[in-house]
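Below, chains carry the letters A, B, ... as their sequence lines are ordered, and counting in each starts from 1. Every heavy atom of this structure was used, including side-chain atoms; hydrogens, water molecules and symmetry mates were not.
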2 protein chains.
Amino acid sequence: MQVKRKPSRMFSQRSIHGRIAHEIGQQILRGDLQPGQILPSEIDLGEGFGVSRTVLREAIKVLAAKGLVESRTKIGTRVKPRDQWNMLDPDVLSWSLVSNEAEDYALAVSEMRRVLEPAGAALAAQRATPAQVTRIRAAFEAMEAAGRNTEESVYHDLRFHLAILEATGNPFLVSMGHVIESAIAFNIKLSVEFPALRIQSLPLHRIVLERIEKGDPRGAQAAMVKLLQEAQMDIERILAGPRKRATRAASTRRLRKVQE
Amino acid sequence: MQVKRKPSRMFSQRSIHGRIAHEIGQQILRGDLQPGQILPSEIDLGEGFGVSRTVLREAIKVLAAKGLVESRTKIGTRVKPRDQWNMLDPDVLSWSLVSNEAEDYALAVSEMRRVLEPAGAALAAQRATPAQVTRIRAAFEAMEAAGRNTEESVYHDLRFHLAILEATGNPFLVSMGHVIESAIAFNIKLSVEFPALRIQSLPLHRIVLERIEKGDPRGAQAAMVKLLQEAQMDIERILAGPRKRATRAASTRRLRKVQE
DNA sequence: ATAAAACATATAATACTACAAATACCAGCC
DNA sequence: GGCTGGTATTTGTAGTATTATATGTTTTAT
């Protein structure tokens with residue numbers, strides 16, 4: 001008779017297979033498991049994690065569904081090349097933020113936001129229903145009430161942006177909101193480390209809101225561009241360290257590296 | 001140069017759990033299984049599909065990983081609300097294209113492309129490595145050689161756009177390329193039904209290419225805007241039927257409907 | 001009579017075993 | 001050398017048993 005290991009669930013309300021997928025996913029994103037590399041056999045992996053093969057296989061299936069790995073008989077389970085990973089999956093993105101390339105990914109998210117959200121604001125200005133406008137305004141007012149530099153205000157800031165994306169009526173932009181939501185964890189971490197640099201431009205948020213309420217697509221778009229530009233400058237300033245400001249070239253270099 | 005047609009996703013060689021996930025996923029996207037609804041128990045479902053509970057559970061795990069369902073003990077497996085679905089997952093998107101809202105989703109994809117790809121072209125003009133530029137050019141030349149209105153040319157058209165997104169160096173835009181790749185199946189279907197309307201503006205593609213090669217971000221962006229605008233007009237013209245051109249209002253109405 | 005506690009039940013979660021299928025690898029043959 | 005077939009290894013599938021947990025019911029104590 002073998003001793004049964006009792007998995008600790010103190011900190012995790014997650015299911016076991018979910019925890020395993022989380023572990024392996026982070027290992028892949030961190031680079032501990034490189035693309036092309038073959039994972040240990042299901043039996044070995046299961047023993048390593050102290051779980052049955054059934055549970056382990058369910059974890060692998062989750063990773064496969066997100067494009068991280070691919071299983072073939074006789075070969076084993078292989079880590080797929082990076083360009084096959086579904087970075088737009090909230091879980092994958094959140095795992096990427098614990099890698100040593102977290103900063104690069106955060107910059108890439110920021111870059112995408114600067115493309116999508118202004119257009120989203122314009123669409124919201126065209127299409128938002130009264131209820132949706134109300135939600136956007138509620139988020140803004142909560143942010144206003146929360147004051148600056150608090151976890152509260154970061155949360156309501158996020159709500160503000162998500163509400164705008166929802167108001168576009170485009171389901172893909174809504175999904176993109178979940179991506180942003182995952183990425184925001186990194187921003188929070190930054191804002192904790194560098195509280196002085198965290199600026200939530202309330203006035204710019206207000207302008208975006210007003211122009212959406214007014215049904216002014218171009219105005220809303222322009223305001224959102226400025227808003228995100230400021231946020232991006234904050235991030236780059238932090239990542240470049242206190243000595244120098246990040247240049248566009250530096251940002252480009254970072255992205256090249258991520259791409260590999 | 002020899003063209004190798006790569007059928008990127010073969011449905012025939014899929015594993016059983018993949019086929020089940022495909023089936024149930026389509027049912028959910030089609031609306032046969034409504035959000036909030038609880039699926040039959042694992043045992044019943046397994047019997048229904050003629051597979052063991054093990055296989056069925058792996059399929060469910062895949063769907064859960066894509067945000068379509070959520071399993072809880074005693075409750076069962078429930079379809080999550082639509083705004084939780086990860087529409088940016090290539091599989092989910094491909095399933096959506098068999099629903100009776102396929103046209104709406106296709107329009108939404110088109111809308112997102114018009115936002116992302118011009119920005120992508122600008123980034124590519126800034127950052128593309130020589131090898132990446134070569135790939136873009138190769139796709140263009142293949143498209144040119146293939147002639148119009150053929151499946152070949154649609155395929156190389158897609159390659160052209162994917163190569164540009166890859167050249168941005170932004171991993172999220174690369175993933176977005178896979179989304180577009182999934183959505184293109186719908187465009188192909190349309191172009192088969194309405195061959196006369198299928199226009200692949202070769203001159204505009206050439207301009208985009210040249211400006212990327214020249215390192216002209218703004219020029220590339222502008223050209224891509226025009227290119228996608230033309231494509232969008234084609235789609236709307238088809239979807240609106242032969243009688244009238246789709247108006248912006250019509251497009252908005254469609255998107256509202258998708259949003260629910 | 002009411003509220004709390006114990007119990008029953010149904011379902012997903014996990015575990016374990018056995019067998020099937022696929023295929024890379026190797027030996028042997030022509 | 002190249003082909004052919006066998007073999008071993010790994011994932012794929014099946015079936016059953018056990019455990020955990022949420023829900024509903026009954027019992028019990030006040």
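Among the heavy atoms of the strands lying under 4.0 Å from A/Arg72 are primed sugar atoms or P, OP1, OP2 only; no base atom is included. Residue A/Ile75 is in sugar-phosphate contact alone, with no base atom involved, counting any heavy-atom pair closer than 4.0 Å across all strands shown. Nucleic acid contact for A/Ser71: sugar-phosphate only, since backbone atoms but no base atoms lie under 4.0 Å from a heavy atom of the residue.
Non-hydrogen atoms lying under 4.0 Å from DNA chain C are contributed by A/Val55, all within residues 55-63 of chain A.
Comparing B/Thr73 and B/Thr54 by the nucleotide of DNA chain D whose heavy atom lies nearest to each, the residue mapping closer to the 5' end is B/Thr54.
In this structure, B/Ile16 atom CD1 and C/dA20 atom P are separated by 15 Å, rounded to whole Å.
Looking at B/Arg78 and B/Glu70, no side-chain N of the basic residue comes within less than 4.0 Å of a carboxylate O on the acidic one, giving no salt bridge.
A side chain to side chain contact (heavy atoms under 4.5 Å, CB included) with A/Thr77 is found for one member of A/Leu56, A/Leu39, A/Ile38 and no other, namely A/Leu39.
Scored by the salt bridge (Lys or Arg N to Asp or Glu O under 4.0 Å) test, A/Lys66 finds A/Asp89, A/Asp91 as partners (sequence neighbours excluded). Considering only residues two or more places apart in sequence or on other chains, A/Phe172 meets the ring-ring contact (aromatic ring centres under 6.0 Å, His included) condition with none of them. With sequence neighbours excluded, no residue forms a side-chain hydrogen bond (donor to acceptor under 3.5 Å, both in side chains) with A/Ser96. For the side-chain contact (heavy atoms from CB on, under 4.5 Å) test, residues two or more places apart in sequence or in another chain that qualify with A/Ser41 are A/Ile43, A/Asp44.
Residue B/His17 has no polar side-chain atom (N or O) positioned under 4.0 Å from OP1 or OP2 of D/dG12. For C/dA15, one of the phosphate oxygens OP1 or OP2 lies less than 4.0 angstrom from a side-chain nitrogen or oxygen of A/Ser52.
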Show the distances under 3.5 angstrom between N or O atoms of the protein and N or O atoms of nucleotides 4-9 of chain D.
from	atom 1	to	atom 2	distance (Å)
D/dT9	O4'	A/Lys74	NZ	3.4

